[in-house]
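Here's the structure we're looking at; comments come further down.
A quick note: this is a predicted structure, and the numbers were derived from the prediction, not measured.
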Amino acid sequence: MKIATWNVNSLKVRLPQLLSWLTEEAPDVVCLQETKIEDKFFPCAEITASGYHACFSGQKTYNGVALLTRDAPSEVVFGNPLYPDEQKRLLTATVRGICVVCAYVPNGQSIGSDKYAYKLEWLDALAGWLAGRLAGHRQLALAGDFNIAPEDRDVHDPLAWAGQILCSEPERAAFQRLLSLGLQDSFRLFAQPERSFSWWDYRMLGFQKNHGLRIDHVLLSAPLAARCVVSGIRRDMRKLERPSDHAPVVTEWTD
DNA sequence: ATGGTAGCCGCGCTA
């Protein structure tokens, strides 16, 4: 099974790129973040024509997540049952017996801000819910935009970013707590190029200078990690005209 | 030097 996660930064703008990428990459499951589209405007016809089922939880202008699946999803869960949240950031479904959780973790804006507190609270609630979820779903994948660079090697300039948003110790501790539930960072199961990132700021020639961070992840429970065969970042997608600021992350395991 | 770009909706907010 091949799973991908991609923060599209507007599904409306990125739809042509998404459709051609689906054809080329042929993932079984795609987790999308920052769709920024209300459910009534979701491009169901185009997605269906590409051979995918879709479930989605969107809102105007901000946030929004979607799951595209080759096989029909079941047991769809909107949001975190333990954490009522107006912001559409979490979507879970079961596909081919695997529980797939699509997450758009809050950015946090800056250390000490209200949004930072919300980010840590949101992550705490996610871990709390996943702990129970994993008990009944041993095959589980958590994929999305975590807005956390787990280690210094995931940051283009660790000194400049030390203690900053996306890199602070409380955020990294929250990421480690997710791993402590029994999840593994699929990207790090394999040798990877140095300076591998999944997001580059639109500003200051961030991509051209490879001034990026690895903040998009696919975490796998032990039974899936044991069968995982490859994980990589589709950096080339960031080179397209009018790109998302994120590149897709693609992970595959044997059935 | 607190800049810069993109997307949204509207002329600011979020990332």
Item to check | N or O in side chain of A/Arg203 less than 4.0 angstrom from B/dA15 OP1/OP2 | outcome: no
Checklist entry - Quick one: A/Asp114 CG to B/dA15 C1', roughly how many Å, whole number? => result 17 Å
Checklist entry - When the distance from NZ of A/Lys119 to C1' of B/dA15 is rounded to whole Å, what number comes out? => result 11 Å
Next on the checklist: Strictly below 4.0 Å: does A/Lys60 bring a side-chain N or O up to OP1 or OP2 of B/dC9?
Outcome noted: no
Checklist entry - Looking at A/Arg133 and A/Glu75, does any basic side-chain N land under 4.0 Å from a carboxylate oxygen? => result yes
Checklist outcome for this item: Testing B/dC13, B/dC8, B/dA15 for proximity to the side chain of A/Val13, the answer is B/dC8
Next on the checklist: Any salt bridge linking A/Glu151 with A/Arg172? Criterion: basic side-chain nitrogen under 4.0 Å from a carboxylate oxygen.
Outcome noted: no
Checklist entry - Counting any heavy atom closer than 4.0 Å, what does A/Phe207 reach on the DNA or RNA strands: base, sugar-phosphate only, or nothing? => result nothing
Checklist entry - Is the shortest side-chain N to carboxylate O distance from A/Arg96 to A/Asp255 below 4.0 Å? => result yes
Checklist entry - Does A/Arg242 put a side-chain nitrogen or oxygen below 4.0 Å from OP1 or OP2 of B/dG7? => result yes
Next on the checklist: Distance check, C1' atoms only: B/dA1 and B/dG10, in whole angstrom units.
Outcome noted: 30 Å
Item to check | Whole-Å C1' distance, B/dC9 and B/dA15 | outcome: 16 Å
Next on the checklist: Could you check whether A/His217 and A/Phe175 have their ring centres less than 6.0 Å apart?
Outcome noted: yes
Item to check | First of A/Asn147 and A/Thr61 reached from the 5' end of DNA chain B, by closest nucleotide | outcome: A/Thr61
Item to check | Options B/dG7, B/dG4, B/dC9, nucleotide nearest the side-chain atoms of A/Asn9 | outcome: B/dG7
Checklist entry - In whole angstroms, how far is the P atom of B/dC8 from the CG atom of A/Leu15? => result 12 Å
Next on the checklist: In whole Å, I'd like the distance from the CD atom of A/Gln87 to the C1' atom of B/dC13.
Outcome noted: 12 Å
Checklist outcome for this item: Rounded to whole Å, CG of A/Leu240 lies from P of B/dA6 at a distance of 14 Å
Checklist entry - Just how far, in rounded Å, is P of B/dC13 from CG of A/Asn107? => result 16 Å
Checklist entry - Is any NZ, NE, NH1 or NH2 atom of the basic residue among A/Arg188 and A/Asp154 found under 4.0 Å from an Asp or Glu carboxylate oxygen of the other? => result yes
Checklist outcome for this item: To the nearest angstrom, the CG-P distance between A/Leu205 and B/dG3 comes to 18 Å
Checklist entry - Taking the same atom, P, in B/dT2 and in B/dC11, what whole-Å distance lies between them? => result 25 Å
Checklist entry - Whole Å only: how far is the CD atom of A/Gln164 from the P atom of B/dA15? => result 16 Å
Next on the checklist: By nearest heavy atom, map A/Tyr202 and A/Glu38 onto DNA chain B; which one lands nearer the 5' end?
Outcome noted: A/Tyr202
Item to check | B/dA15 OP1/OP2 closer than 4.0 Å to side-chain N/O of A/Arg89 | outcome: yes
Item to check | Phosphate-side-chain proximity, A/Ser10 and B/dC8, N/O vs OP1/OP2 below 4.0 Å | outcome: yes
Next on the checklist: Any carboxylate oxygen within less than 4.0 angstrom of a Lys/Arg side-chain nitrogen, looking at A/Glu24 and A/Arg234?
Outcome noted: yes
